[in-house]
Amino acid sequence: MTAALAGILPVLPTPFAANGTIDPAALGRVTSFALGAGAAGVVFPGFASEVDNLSAEEREILLREVVRTVAGRVPVVAGASAPSAAEAIGYARQAQALGIGHVMIQAPKSVGIDGAAVAAFYREIANAVPGIEIVLQNAPAPRGSDLKPDVLLEIVRGNPAITYLKEETIPAGPAITAILKGKPAHLKGVIGGGGARYIIDEYVRGACGAMPAAEFADIHAALDRAFRSGAVETARNLYMRTLPLLLIQANLRMAFTKYVLTRRGILSNQICRAPLPAIDAVDRAEIDAWLGRIADLLAPAASLQAAE
């Protein structure tokens, strides 16, 4: 039986070596960090992994490293989004061959937003890869199709292979409420997105987990534990203390994630392939100042990896 998805499932970044090639060993270190931090699963590759800047061969090499490092201890969700159903099927089959039970797929913009067309796209994948569980990723425009809850429910009801939704349109909260109210029995849960910038609202509305970036996996795991144990005010306090940094991350994206991971001793550089805003001296000083305010929440990377 495929393990359930719940809790914090960070989207892992793609580390690059100084010469610009992928660095699987560094990805192994980030994966170990996430596990030691208490992540309930990991996601790779996703948008936060600079997936659009990876070749198919690089995706496979890196995904194999994630699976090797995880070694079955938590679920791995493989990103299988692609410009066509045929390519998505290829990535889903690759993931399944590696023992992965869940793939996350965002319908390409070329499919449009008509419910029947999007449903046909996911049905083609489900029929071609029997046994795979699909996490339908609903991203906001312009990157995603920004599908409305009624359309999503129409798609899910006709496809038992879609067992989770990742809802990250803005605002996601009302959509999560509507989806959970009308969900069919085979939909196991709705997972929040948006870099955990709205995580409390998502959890209050019934989200089963969240998929933020990886740099604060330990804090987000602590927030998740607190919320689910009934210590909601503790969870809100953790959320409040991290929110300024998450707002900076919304602008700097993977460059921020890699900067923080280098500051935490997990990565050795901040090299990105994706075209991103450059982090300048003012950015660094501001990030460092906010990191200083949450220093008590940041366990040393060495201790997290030793706990893994």
Side-chain angles (χ1 to χ4, degrees), residues 2-17 21-51 53-54 57-80 91 94-104 135 166 191 193 195-196 209-222 224 249 253-274 298-308:
T2 305
L5 302 181
I8 300 300
L9 302 104
V11 182
L12 305 174
T14 297
F16 297 103
T21 60
I22 57 172
D23 189 341
L27 178 58
R29 292 196 300 274
V30 176
T31 306
S32 292
F33 161 74
L35 295 176
V42 295
V43 182
F44 188 87
F47 178 67
S49 315
E50 300 176 76
V51 64
N53 301 93
L54 298 174
E57 181 183 12
E58 288 172 328
R59 284 174 69 153
E60 181 178 3
I61 291 168
L62 292 166
L63 184 58
R64 285 182 180 276
E65 178 61 25
V66 172
V67 171
R68 186 198 68 78
T69 305
V70 169
R73 287 171 288 179
V74 299
V76 174
V77 179
Y91 289 131
Q94 180 185 93
Q96 195 173 56
L98 291 173
I100 296 170
H102 299 92
V103 291
M104 184 165 68
V135 180
K166 183 188 180 187
I191 300 168
M211 291 181 177
E215 64 271 19
F216 300 125
D218 45 348
I219 304 176
H220 286 139
D224 177 87
Q249 195 268 353
R253 310 302 299 183
M254 309 81 162
F256 173 92
T257 294
K258 292 180 177 181
Y259 178 79
V260 173
L261 287 172
T262 58
R263 296 283 285 124
R264 299 194 68 180
I266 297 148
L267 288 181
S268 59
N269 69 57
Q270 303 148 43
I271 297 170
C272 295
R273 282 185 186 170
L298 300 173
S303 69
L304 286 172
Q305 293 182 10
E308 167 268 312

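Numbers here simply count residues along the sequence, with the first being 1. Side chains are part of it too, since the values below use all heavy atoms of this structure and drop only hydrogens, waters and symmetry mates. Keep in mind that this is a model prediction, so the values were computed, not measured.
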The side-chain contact (heavy atoms from CB on, under 4.5 Å) partner of P24 among T69, I61, V66 is I61
Mind checking the [atom1]-[atom2] spacing from [X] to [Y]? Nearest 0.5 Å is all I need.
| X | Y | atom1 | atom2 | value |
| --- | --- | --- | --- | --- |
| I219 | L298 | CD1 | CG | 4.5 Å |
| H220 | M211 | NE2 | CE | 14.5 Å |
| M254 | F47 | CE | CZ | 4.0 Å |

Does the side chain of [Y] come within less than 4.5 Å of [X]'s, by heavy atoms?
| X | Y | answer |
| --- | --- | --- |
| F256 | E215 | yes |
| L261 | P13 | yes |
| P212 | I8 | yes |
| R273 | L54 | yes |
| Y259 | L267 | no |
| L9 | L5 | yes |

Is it the case that the side chain of [X] and the backbone of [Y] share a donor-acceptor pair, with hydrogens and angles ignored and the cut-off at 3.5 Å?
| X | Y | value |
| --- | --- | --- |
| K258 | I271 | yes |
| R73 | V70 | yes |
| D224 | G209 | no |

Apply the test side chain to side chain contact (heavy atoms under 4.5 Å, CB included) to residues V51 and F44: give CA-CA distance (whole Å), side-chain angles for both, the deciding distance (0.1 Å), then the verdict.
CA-CA 9 Å; V51 64; F44 188 87; over 6 Å; no
Locate the shortest heavy-atom distance separating [X] from [Y]; write the atom from each residue and the value.
| X | Y | value |
| --- | --- | --- |
| A78 | L63 | CB-CD2, 4.0 Å |
| V11 | S49 | CG1-OG, 3.7 Å |
| G193 | K166 | CA-CE, 3.8 Å |
| A95 | V103 | CB-CG1, 3.9 Å |
| E58 | N53 | OE1-O, 4.1 Å |
| L12 | T31 | CD1-OG1, 3.4 Å |

Between E50 and T14, a side-chain donor and acceptor under 3.5 Å:
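Short answer, no.
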Pi-cation contact, Y91 with R59 (under 6.0 Å, within 45°)
yes
Using side chain to side chain contact (heavy atoms under 4.5 Å, CB included), reason through Q249 and F216 one step at a time and then give a plain yes or no.
CA-CA 11 Å; Q249 195 268 353; F216 300 125; over 6 Å; no
